[in-house]
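For reference, the structure is listed below as structure tokens.
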Amino acid sequence: MKRPAVIPQQIIARKRDGDTLSAPELEALLTGYLDGQVGDDQMAAFLMAVYFNGLGDAELDVLVEVMLHSGDMLPRGGVRAPRVDKHSTGGVGDKVSLVLAPLAAEMGLVVPMMSGRGLGHTGGTLDKLESIPGFRTRISLDRFDRILRSVGCAMIGQTEEIAPLDRRLYALRDVTGTVPSLPLITASIMSKKLAESLDGLVLDVKVGEGAFLSHIDRARALARAMAGVGAARGLAVTAVLSAMDRPLGRTVGNALEAREAVECLAGGGADDLRELVTELAAEMSLAGGLVPDLDEGRRKAGETLAGGGALERFRRMVAEQGGSLDLSCDGYGLPAAPATEVVTANRAGVVAGINPRALGYGIIPMGGGRTRQDQDIDPRVGFELEVRVGDRVARGDPLAVVHGSTRDDLFIGARVVVEAVTIGDLPGSEPLPLIIERITA
Ligand code: URA
């Protein structure tokens with residue numbers, strides 16, 4: 001058997017004790033993990049040490065480089081249009097990518113989107129896409145390139161060829177409580193995005209209880225760290241800080257969110273989802289040089305979304321990736337839970353808050369998220385919110401519909417809704433503005 005190039009426990013202990021690791025030490029640990037010399041247990045302990053003690057700039061740089069070069073870069077192919085992507089730091093009810101990728105493609109950009117699965121209490125774009133019957137997020141890079149040429153957008157997960165180290169660390173962080181770490185989020189997102197060979201990147205950095213780094217100062221620091229990593233490698237990054245003190249849109253749960261995304265592409269959907277999508281599409285078109293300023297980008301995004309071409313592009317992308325949607329029927333052919341239950345207000349008052357984290361964690365015991373790396377999830381379960389923060393309700397008014405596969409799911413889900421939705425005599429603290437601020441490198 002090959003001898004390990006490092007003594008993993010020694011490096012883990014140094015990070016645990018707050019020491020700074022040298023580049024060779026960190027590189028050896030990470031490459032040892034990639035080639036099987038370092039186990040999941042050791043990497044989980046290392047990630048927890050990083051969670052508590054952080055990484056210095058030089059250590060972060062090594063992590064990004066090793067993650068980026070653990071695989072290849074996506075080929076740029078022969079497409080001439082500007083190549084721009086967006087990535088979110090993770091939220092609850094965040095189905096933006098499903099709407100934004102085809103919208104940005106319809107506006108004239110190429111969007112080679114590499115996404116992740118559910119992480120911690122947040123949902124993942126890959127899981128939402130895979131709720132569409134037949135949709136394949138693992139396709140060959142040749143096929144990915146062909147779809148990009150013909151449709152303008154394609155959506156895949158990290159593969160053995162592209163950012164494999166992120167794929168493995170991401171899955172491990174999901175089930176070990178090591179997600180909310182500024183350097184780990186920075187390296188995870190930026191390694192994937194740098195591997196996409198982009199001309200521009202827009203980051204949606206979430207702020208509030210449903211975000212990984214909930215406080216605005218931490219979110220700003222995260223945005224600056226990611227923009228800095230991009231700038232050092234020649235990639236222009238714009239970060240939009242957006243509200244995650246309540247769920248985004250009206251649904252939480254994979255198939256329910258896919259349905260809401262299609263509704264938005266069809267001209268409906270929740271106002272906040274539409275507004276955020278429009279803002280991010282404006283940023284992407286500015287980053288790609290399609291518009292002279294953000295106002296023009298917003299105008300163009302709104303017009304394009306209303307025109308219906310983005311929905312048709314989404315349908316084509318889904319079909320090219322093996323999926324089938326029936327846009328002529330109510331649920332679009334998405335899987336639906338066999339049972340639902342309406343949860344009603346037990347008192348009159350004002351909806352003072354809807355805790356996104358409670359909903360995000362609440363879906364896991366219903367089968368909608370993972371507690372182990374290898375678990376399958378049930379795409380059908382989730383919550384459909386009937387109220388927004390600030391709404392007045394009477395006793396008995398519906399708060400949410402729980403979608404479950406079993407009676408137990410409905411019971412768990414109903415308790416989660418009661419815990420997540422606070423009804424008071426007075427409005428709660430002022431909600432965050434949906435779009436908070438913009439940060440560039
Ligand atoms: N999204 C990612 O891709 N990685 C993270 O660590 C968090 C959100």
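Both counts, for ligands and for their atoms, begin at 1 and track the order of listing.
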I need the contact residues for ligand 1: any residue with a non-hydrogen atom closer than 4.0 Å to the ligand, ordered by chain then number. His87, Ser88, Thr89, Leu119, Tyr170, Arg173, Ile185, Ser188, Ile189, Lys192
To the nearest 0.5 Å, how far apart are OG in Ser188 and CG in Leu169? 8.0 Å
Indicate yes or no: does Arg143 engage Glu320 in a salt bridge with an N to O separation below 4.0 Å. yes
Within 45° cone of Tyr33 ring axis and under 6.0 Å: Arg168 NZ or CZ: yes
Under 3.5 Å, is there a donor-acceptor pair linking the side chains of Ser242 and Lys206? yes
Per the ring pair (Phe, Tyr, Trp, His ring centres under 6.0 Å) rule, what does the pair list look like for residues 178-212, sequence neighbours excluded? His121-Phe212
Determine whether the side chains of Lys300 and Thr304 contain a donor N or O and an acceptor N or O closer than 3.5 Å. no
